[in-house]
*Asks:* 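The structure that follows is given in the form of structure tokens.
Numbers restart at 1 for each chain; the letters A, B, ... are given by sequence-line order, proteins then strands.
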Protein chains: 2
Amino acid sequence: MAKNIQSLERAAAMLRLLAGGERRLGLSDIASALGLAKATAHGILRTLQHEGFVEQDPGSGRYQLGAELLRLGTTYLDVHELRARALVWTDDLARSSGEAVYLGVLHQHGVLIVHHVFRPDDSRQVLEVGAMQPLHSTALGKVLAATDPVAHAELVDAKREPFTSRTISDLDDVERILELTRAQGYAVDNEETLDGVASVAAPIYDRRRMAVGSVGITGAVERVCRDGELRAELIAAVRDTARSVSRDLGAKPF
Amino acid sequence: MAKNIQSLERAAAMLRLLAGGERRLGLSDIASALGLAKATAHGILRTLQHEGFVEQDPGSGRYQLGAELLRLGTTYLDVHELRARALVWTDDLARSSGEAVYLGVLHQHGVLIVHHVFRPDDSRQVLEVGAMQPLHSTALGKVLAATDPVAHAELVDAKREPFTSRTISDLDDVERILELTRAQGYAVDNEETLDGVASVAAPIYDRRRMAVGSVGITGAVERVCRDGELRAELIAAVRDTARSVSRDLGAKPF
DNA sequence: TTGCCACGTTCGACAATGCTAAACGCCATC
DNA sequence: GATGGCGTTTAGCATTGTCGAACGTGGCAA
């Protein structure tokens, strides 16, 4: 593999460090965390600040992420073809199912939410676009791991942290679930990520029949489940939506 | 001014170029647009791709923005203190006014929307968080230009493009409006940005009495105006919200 | 108040680093 | 099957970013 640009890698590591730490970080913290000389870290931070990728608190001198990232991140959504095609169908799915709809793509070691339609009631909900979900416990993640080889490799390598008592962590168990997912064309998360919350998701394919994302709904078990299983009509609605989006992307339905 | 890191500046320019162009760009396009050798551009792009900031279309080889930007941009929102404090109050404002609420901060030459509450009806609306608005024609922008010296300087230097027949472009006229804005503590956009759309906004101050953002509502003139002027109760509601957020940030109310 | 420490910042010299130009392999097109 | 354009790789040079140390400043404690 050809070598990458050192200063850029360091800058990216800084941005990720700032994104991870809850609070603003000082120059010394950043320099020591990355094993750099203070002057080196400062040079990178100064440039990042000048470009708007980080901001510096005038009082404390500490650094945090900058507004330009928000602007560019939003632009990413605008360009995202899968998201654009899915917009129409996800609204209908939210209306017909009465639940929140999520659209996710593989990113690094998890599922990045690129679209989120609120559950159609008047409750207060927070937008989760841009958030990450784990591959092994969520319906969106299982679908990706079952249909995308890259996602599958990520899942195997990942830690598979148990979130609830029902989280499936053992690799053999996970592989069996993925086999089932491939066979039936959808995946379920029955209180494996959050207690009391279940979800269903189905894969979206592009014109080359490659999985490019997954779409699903999430809701309280009391609403989306019956007798401990996800309601069949919700599964059908999710799969219909996934098929519609896939067709919009150019995938042949047969 | 100390010199910034060249490769980082070039990388940032590439990201902005990719954000500006509607479609994916090829390596040659990028290299020539920035005046770089192809190999130089390729090295930067390869690193950006490895870090997730750009993605390459496998078929065409063209480049586009990457998902990591969305993740980091969303994290910026999570850390944003002004936005966090404003969350509670903007919901109430949307409910009491019946209109969409926007929260903006100065970024580069315009207003960056960091929060957006949909108009509380069941109509389909697109989230505008991360989008930019001009300083000279919008209520959010006028408020910032009137209260933040940096924003004012940006407004003076900007082109002040006319969007509708009512857009105020002449600098003297703008300055008069800003004077009025300072005097009355709020600004209005009466079909100056979009035909048929009007808005009101008021400034938000931090504990040092510095303007850090503006909050306002936007809606169809038929609803938010009466006799060609913005309804007084809406102005009062917006100003109340701005004061509440300011107080939350530590600003003394007197 | 005074001393001290820790912080962000600047400086200057070195060599490692990233840049340039040219050549390569690939694919689509004619 | 030649051709042009594309993204990619290579090799060598000097520009560029890095480093260690010194500077200035602010806050804290004695």
*Asks:* Taking CG from B:L36 and C1' from D:dT15, how many angstroms apart are they, rounded to a whole number?
*Replies:* 15 Å
*Asks:* Below 3.5 Å between N/O atoms, which protein atoms pair up with nucleotides 4-9 of chain C? Just atom names and distances, please.
*Replies:*
unit_1	atom_1	unit_2	atom_2	d
C:dG8	OP1	A:L27	N	2.7
C:dG8	OP2	A:L27	N	3.3
C:dG8	OP2	A:S28	N	2.9
C:dG8	OP2	A:S28	OG	2.8
C:dG8	N7	A:K38	NZ	3.1
C:dT9	OP1	A:Q56	OE1	3.3
C:dT9	OP1	A:Q56	NE2	3.1
C:dT9	OP2	A:H42	NE2	3.1
C:dT9	OP2	A:Y63	OH	2.5
C:dT9	O5'	A:H42	NE2	3.2

*Asks:* Are B:V156 and B:E175 close enough, and set up right, to give a side-chain contact (heavy atoms from CB on, under 4.5 Å), and what steps lead you there?
*Replies:* CA-CA 9 Å; B:V156 171; B:E175 292 287 11; 4.0 Å; yes
*Asks:* Roughly how far, to the nearest 0.5 Å, is CG of B:L17 from CG of B:L34?
*Replies:* 5.5 Å
*Asks:* Hey, does A:R83 have a side-chain heavy atom less than 4.5 Å from the side chain of A:L77?
*Replies:* yes
*Asks:* Does any pair with a residue in residues 140-151 of chain B pass side-chain hydrogen bond (donor to acceptor under 3.5 Å, both in side chains), and if so which ones, sequence neighbours excluded?
*Replies:* B:K142-B:E192
*Asks:* Rounded to whole angstroms, how far apart are CD1 on B:I30 and P on D:dG5?
*Replies:* 19 Å
*Asks:* Assess the residue pair B:N4 and A:R46 against the criterion (side-chain contact (heavy atoms from CB on, under 4.5 Å)); give the C-alpha distance rounded to whole Å, side-chain angles, the decisive distance to 0.1 Å, and a yes or no.
*Replies:* CA-CA 7 Å; B:N4 285 327; A:R46 187 186 45 228; 3.3 Å; yes
*Asks:* Nearest whole angstrom, please: distance from the P of C:dC19 to the CD of B:E9.
*Replies:* 12 Å
*Asks:* Using the P atoms only, state how far C:dG12 lies from C:dA16, rounded to an integer number of Å.
*Replies:* 23 Å
*Asks:* Start with the C-alpha gap between A:L155 and A:R160, add the side-chain angles, then the distance that decides, and say whether side-chain contact (heavy atoms from CB on, under 4.5 Å) holds.
*Replies:* CA-CA 8 Å; A:L155 174 54; A:R160 296 189 296 279; 4.1 Å; yes
*Asks:* Testing A:I204, A:T90, A:D240 for side-chain contact (heavy atoms from CB on, under 4.5 Å) with A:V245, which one passes?
*Replies:* A:I204
*Asks:* Tell me: CG of B:L8 to P of D:dT15, nearest whole Å?
*Replies:* 20 Å
*Asks:* When the distance from CD1 of B:I44 to C1' of C:dG18 is rounded to whole Å, what number comes out?
*Replies:* 9 Å
*Asks:* In this structure, how many angstroms lie between the P atom of D:dC6 and the CG atom of B:D57, rounded?
*Replies:* 16 Å
*Asks:* Rounded to 10°, tell me the angle between the two end axes of the helix from C:dT17-D:dA14 to C:dC30-D:dG1, each built from five pairs.
*Replies:* 10°
*Asks:* Check the distance between D:dC6's C1' and B:R24's CZ and give it to me in whole angstrom.
*Replies:* 16 Å
*Asks:* Strictly below 4.0 Å: does A:R10 bring a side-chain N or O up to OP1 or OP2 of D:dG17?
*Replies:* no
*Asks:* With respect to the phosphate group of D:dG7, does any side-chain polar atom (N or O) of B:R46 fall under 4.0 Å of OP1 or OP2?
*Replies:* no
*Asks:* Measure the distance from CD1 on A:I5 to C1' on D:dT16 and round it to the nearest whole Å.
*Replies:* 12 Å
*Asks:* Would you say A:T40 reaches D:dC19's phosphate, i.e. side-chain N/O to OP1/OP2 under 4.0 Å?
*Replies:* yes
*Asks:* Are the aromatic ring centres of B:Y63 and B:H42 under 6.0 angstrom apart?
*Replies:* no
